[in-house]
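Written out below as structure tokens is the structure these notes cover.
In the text below, chain A, chain B and the rest are named by the order of the sequence lines, each starting its count at 1.
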There are 2 protein chains.
Amino acid sequence: MSIDVGARLRSVRTSFGLSQRELARRAGVTNGLISLIEQNRVSPSVSSLKKVLDGVPMSLAEFFTLDLSTAPQAFFGTAELVELGNEEVSLRLVAAKRPGRQLTVLHERYAVGAATGEEMLAHRGEEGGVVVRGRIELMVGGTTRVLGPGEAFYFSSQLPHRFRNVGREVCEIISASTPPTF
Amino acid sequence: MSIDVGARLRSVRTSFGLSQRELARRAGVTNGLISLIEQNRVSPSVSSLKKVLDGVPMSLAEFFTLDLSTAPQAFFGTAELVELGNEEVSLRLVAAKRPGRQLTVLHERYAVGAATGEEMLAHRGEEGGVVVRGRIELMVGGTTRVLGPGEAFYFSSQLPHRFRNVGREVCEIISASTPPTF
DNA sequence: TCATAGCGTTTAATATCTTAGACAAGAACG
DNA sequence: CGTTCTTGTCTAAGATATTAAACGCTATGA
């Protein structure tokens with residue numbers, strides 16, 4: 001069928017967190033038009049569709065290139081995270097199935113005494129994160145430091161690094177790295 | 001008044017070698033509408049623009065992604081070929097600067113008056129080649145040109161095209177096909 | 001020279017889009 | 001409980017897109 005412009009526009013608008021009236025105001029059209037377009041009650045002229053998209057903003061090329069089937073999931077429940085780790089170190093991956101992902105976001109959980117291994121890790125890219133609970137010993141390059149809740153890290157992954165839980169309780173970290181390693 | 005829909009459509013139509021009436025017939029609209037759109041006298045509705053593009057055929061995404069400034073070079077003079085071979089085997093590379101090329105070259109021979117058929121060819125992929133001997137008339141899109149020894153061609157096979165030997169001797173060309181067989 | 005056929009353009013009538021404004025439903029608040 | 005936001009929807013009137021048919025032009029050929 002003829003390109004579901006309505007669904008595309010609604011998807012775009014809501015993903016930007018805009019109401020019909022707010023988008024209409026930015027685009028210089030009426031809210032009623034947005035409504036009619038989204039219901040496919042009318043097929044907008046290219047010029048008015050462009051005006052609408054200018055309010056987002058988004059180009060016509062991007063609009064028609066959108067793949068609705070791969071509507072980016074923005075929120076993930078605990079059960080929707082993919083478990084990648086082992087008994088000692090739990091790695092819960094966010095947005096695992098998202099194609100073309102440029103980030104690896106992990107919810108890491110280290111058992112008492114657990115570490116990322118005897119060997120130092122080293123790979124391309126950068127990574128960073130924040131400690132949520134417990135205490136983690138982080139070695140980066142030649143430097144070692146123990147981080148507690150609220151403290152954070154960010155370094156080039158090419159530097160040899162290792163994580164180790166030196167506290168008396170489970171340690172949790174939220175981390176991100178690029179390019180995606182998982 | 002950005003996004004020159006009229007110029008885009010005219011570029012697309014002529015590159016496919018279609019008249020306004022022929023495109024209108026294929027698309028199921030009137031020739032007058034094509035004319036008005038190409039002059040930017042009206043801004044077509046998305047639905048009618050899609051109908052028009054269906055007659056080419058081309059998707060809305062491709063249409064709005066078109067880069068009018070970078071029209072791919074379709075013809076190459078002798079001086080525009082890049083010499084890659086040695087004394088034993090001479091390799092004159094066609095469209096050397098074209099990125100993402102995916103071709104393998106073949107050898108064809110046309111008898112006097114021979115052609116690839118009355119119908120225009122159109123298929124996926126790309127093709128190119130060099131005339132070795134004789135003269136060949138090549139139609140690509142809306143353009144026709146007679147090529148002689150040393151001259152060459154390279155175009156997207158989606159553009160309607162036809163070869164015809166208009167000389168008085170056998171014509172040899174080195175042609176290419178896609179996807180690459182070697 | 002006239003006739004025919006093709007081309008892109010233009011115009012008047014019609015179909016469709018777009019606006020302005022009103023409507024009903026839901027949420028926040030006193 | 002109302003009041004006052006907001007949300008998306010709907011409708012009649014106005015603006016614009018689209019059609020059908022004609023125009024002027026160029027080329028071809030009898």
Report the distance from atom [atom1] of [X] to atom [atom2] of [N], rounded to the nearest whole Å.
| X | N | atom1 | atom2 | value |
| --- | --- | --- | --- | --- |
| B:Gln20 | C:dT10 | CD | C1' | 12 Å |
| B:Asn40 | D:dA17 | CG | C1' | 14 Å |
| A:Ile37 | D:dT16 | CD1 | C1' | 14 Å |
| B:Arg41 | C:dT10 | CZ | C1' | 7 Å |
| A:Glu22 | D:dG8 | CD | C1' | 15 Å |
| B:Leu36 | C:dC17 | CG | P | 17 Å |
| B:Gln39 | D:dA17 | CD | C1' | 14 Å |
| B:Lys50 | D:dA17 | NZ | C1' | 19 Å |

Heavy-atom donor-acceptor pair, A:Asn31 side-chain to D:dT7 base, under 3.5 Å: no
Donor-acceptor pair under 3.5 Å, B:Arg21 side chain vs C:dG6 base: no
5′-ward residue of the pair B:Ser45/B:Leu33 relative to DNA chain C: B:Leu33
Stepwise salt bridge (Lys or Arg N to Asp or Glu O under 4.0 Å) check, A:Asp54 with A:Lys50: CA-CA 6 Å; A:Asp54 282 346; A:Lys50 179 172 191 309; 3.0 Å; yes
Side-chain heavy atoms of A:Phe63 within contact of A:Val5, under 4.5 Å: yes
Test salt bridge (Lys or Arg N to Asp or Glu O under 4.0 Å) applied to B:Glu38 and B:Arg13, step by step: CA-CA 10 Å; B:Glu38 289 187 351; B:Arg13 176 176 64 81; 2.6 Å; yes
Point-to-point distance, once rounded to the nearest 0.5 Å, from CD of A:Glu22 to CD1 of A:Ile34: 11.0 Å
Any donor-acceptor pair under 3.5 Å from A:Asn40 side chain to A:Gly6 backbone: yes
Closest to side chain of B:Val42, choosing from C:dA20, D:dA17, D:dT19: D:dA17
Is [X] near enough to [N] that one of its side-chain N or O atoms lies under 4.0 angstrom from OP1 or OP2?
| X | N | result |
| --- | --- | --- |
| A:Ser19 | D:dT7 | yes |
| A:Ser35 | D:dG8 | no |
| A:Arg13 | D:dG8 | yes |

Sugar-phosphate only, base, or nothing, as touched by A:Glu38 at under 4.0 Å among non-hydrogen atoms: nothing
